[in-house]
Amino acid sequence: MKTTIGNVHKHVNETVTIGVWLHNKRSSGKIAFLQLRDGSGFIQGVVAKAAVSEEAFELSKNLTQETSLYVTGEVVEDARSPLGYELQVSDLEVIQEAVDYPITPKEHGTEFLMDHRHLWLRSTKQHAIMKVRNEIIRSTFEFFNKEGFVKIDAPILTGASAEGTTELFHTKYFDEDAYLSQSGQLYMEAAAMALGRVFSFGPTFRAEKSKTRRHLIEFWMIEPEMAFMDHEESLQVQEEYVSYVVQSVLENCKVELGTLERDLTQLEKIKAPFPRITYTEAIQFLKDQGFDDIDWGDDFGAPHETAIAEAHDKPVFITHFPVEIKAFYMKPDPDNPDVALCADLIAPEGYGEIIGGSERIDDYELMAERYKEHELDGPAYEWYLQLRQYGSVPHSGFGLGLERTVAWITGIEHIRETIPFPRLLNRLYP
RNA sequence: UCCAGCGUAGCUCAGAGGUAGAGCAGUUGGCUGUUAACCAAUUGGUCGCAGGUUCGAAUCCUGCCGCUGGAGCCA
C-alpha cells in the first residue's frame, strides 16, 4: 500500500510503500539508517542486514544524498524517533540516483544557498518556513471568509501608482506605458463599494534599491477594504486578524515551530487588543529614550520603529501620522487636520512594520483638492475620483505584508527565506 | 545611491612577503541504534579579475567585478 510520511500514524504495524528522497544516511557494517523525506514530513528508515536481501542492503549502504526511491517496510512505533515512528525497511527501489548533490549536511554561506534556492527548499528549516507561510495564507482566507469578506483580485499591470512615492517597475502595454502593481488598494476601494467587505491577496513590486533583511523587490500583500467602517473599527479588524493568524499557526504548525526553535511564549501573548500610541506620543517617547535625530514631521527610521516595538510585547499600533508624510488618500482627523486617521502596526522583536492602514477620504471636494496638490489626472486616476461621486461612504482598509509576517512568526533572521523564490536587489535567479 | 566588511579546494574557513593548509563533502575500507554518527586511508587549487611594487605576492598598493551587513525608502 502506497502512503506518505504524514500518514504513517494510520498504518502502524502495517507494511507500506513510500516515495521518498534520501535526506541523509548513517550506516555501519550490518545496519543502515536512512533519513527520508517526501514533502509531507521526515522519517527514519532502518535497514537491518538480516532483514533484507544482500542486494537491497548493498544498495542502501551506497545510496547518495537526494536519490529518489520507493521504500517498502513496516511502520513501527519507536520512542527514539522524534516523529514517534520508524520504518523497518524490507525492500527499496531506486528511481533516480543523485550524484554530487551540492547542499551537504554541513554549514553553507548565504550566496551559495541563494544560488541553490531551488534545492535549498528541500532542507528541514526551509520546509518548515514554507509550511508556516501556507498556514498564514490558509488562516487569512479562513478569517476573512468567516467575517463575510469577498476575495477580489486586483490587476498586476496598472497605468499608475497608488501611492506615487516608491519606484515602480516600468513596462510597455502595447503602445502605452504601464507599471507593475505596487498596491491593489485603489481597486479594492472600488470593489468595497460593490461588495461591502473585500480583500485581495497578490504580488506587489517595488523597484527600490533596498538592501536590508526586511525588504524584497517582489512581495505579497493582503489588502482588506471595508465600506461603512471608520478608522477605529478597522484597527479592531486588524488586531483580531493578526491574532487569529498567530493562534492558527501555534495550533497547526507545532512541528514546524519546533524545527525553527521558535520561542512560543512570544507568540502565545499575541491576542487582541493591541496597544495604540499616537505618532505624537511616539515622537515624545523617542525623545525621552534619548533619540535626538527625529522631530515631529519626520518619518520613523528602522531604529525608531525597533525602539517603539521593544517597549511592548505585542504588536503596537502607531496612529495619527502627519498628513504630509502619508499617502494622498488618507482622511485627515476632523479634530486635528494636520494628522491622518491612519495607523502602522509594528511587529514585536524588531520585525518592523507589518501593516499600514487608514480611513480613506470619502469627500469628493477634498479628494479633488488632493488631486490638484499631487497633480493626479488622466484616465489612470479619473475613475478613483468617481468613487466619491456615486454614493460615497466612510471606508477604511489596510495592507499586510505577508513576508514580514512570516519572518516575525517563524522568528527567522532574514526575509529572503520567507518566500520560495525571492526577488532581491541583484538577484533574479533561480 | 551611500557607509563598512569579505572574495583561498565542491562547501565552511585558516594562512598576512619565501612558493598551498584543515574540517566537511566525494572515493576506498571498518563498525548492529546512528541522530551534522564515528574510525582509518585517499582524490581535490589559475588564492575573484586586471595592472603595479618587489629578487620573490594568496599576502603590500591601485582599479574593476562579485558577495555580505547596515543606512535611506518602505510592507
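In this text, all values refer to a predicted model and were calculated from it rather than measured experimentally. Proteins come first, then strands; the chains are lettered A, B, ... in the order of their sequence lines, and each starts at number 1.
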Exercise for the section: Using a strict 4.0 Å threshold on nitrogen-to-oxygen distance, state whether A/Arg360 and A/Glu225 make a salt bridge. Expected result: yes
Nearest-Å distance once atom [atom1] is located in both [N] and [M]:
| N | M | atom1 | result |
| --- | --- | --- | --- |
| B/C73 | B/C61 | C1' | 37 Å |
| B/G45 | B/U8 | C1' | 8 Å |
| B/U59 | B/G63 | P | 16 Å |

Tell me whether the OP1 or OP2 atom of [N] has a side-chain N or O from [X] closer than 4.0 Å.
| X | N | value |
| --- | --- | --- |
| A/Arg26 | B/A37 | yes |
| A/Asn24 | B/U35 | no |
| A/Lys30 | B/U32 | yes |

Exercise for the section: Look at the side chain of A/Arg427 and the base of B/C67, then say whether one donor and one acceptor between them are separated by less than 3.5 Å. Expected result: no
Practice task
Kindly say whether, by distance alone, the side chain of A/Gln44 makes a donor-acceptor pair under 3.5 Å with the base of B/U34?
Solution key: yes
Handout entry: Given A/Lys125, A/Arg214, A/Arg213, the one that forms salt bridge (Lys or Arg N to Asp or Glu O under 4.0 Å) with A/Glu413
Key = A/Arg213
Exercise for the section: Figure out the CD1/C1' separation between A/Ile31 and B/U34, and round it to whole Å. Expected result: 8 Å
Pairing partner of [N] (Watson-Crick or G-U wobble, both distances under 3.5 Å):
| N | result |
| --- | --- |
| B/A14 | none |
| B/C60 | B/G52 |
| B/U27 | B/A41 |

Take the angle between the ring planes of [X] and [Y] and call it parallel below 30°, perpendicular above 60°, tilted in between.
| X | Y | answer |
| --- | --- | --- |
| A/His108 | A/Phe112 | parallel |
| A/Phe201 | A/Trp220 | tilted |
| A/His320 | A/His231 | perpendicular |

Exercise for the section: Could you pick out which residue, A/Leu424 or A/Gly352, lies toward the 5' side of RNA chain B when each is mapped onto its nearest nucleotide? Expected result: A/Leu424
Handout entry: 5′-ward residue of the pair A/Tyr101/A/Gly401 relative to RNA chain B
Key = A/Tyr101
Practice task
For A/His414, report the nucleic acid contact type (base, sugar-phosphate, nothing); a contact means any heavy atom under 4.0 Å.
Solution key: sugar-phosphate
Exercise for the section: Measure from the side chain of A/Ser210, starting at C-beta and using heavy atoms only, and say which of B/C73, B/G33, B/U68 lies closest. Expected result: B/C73
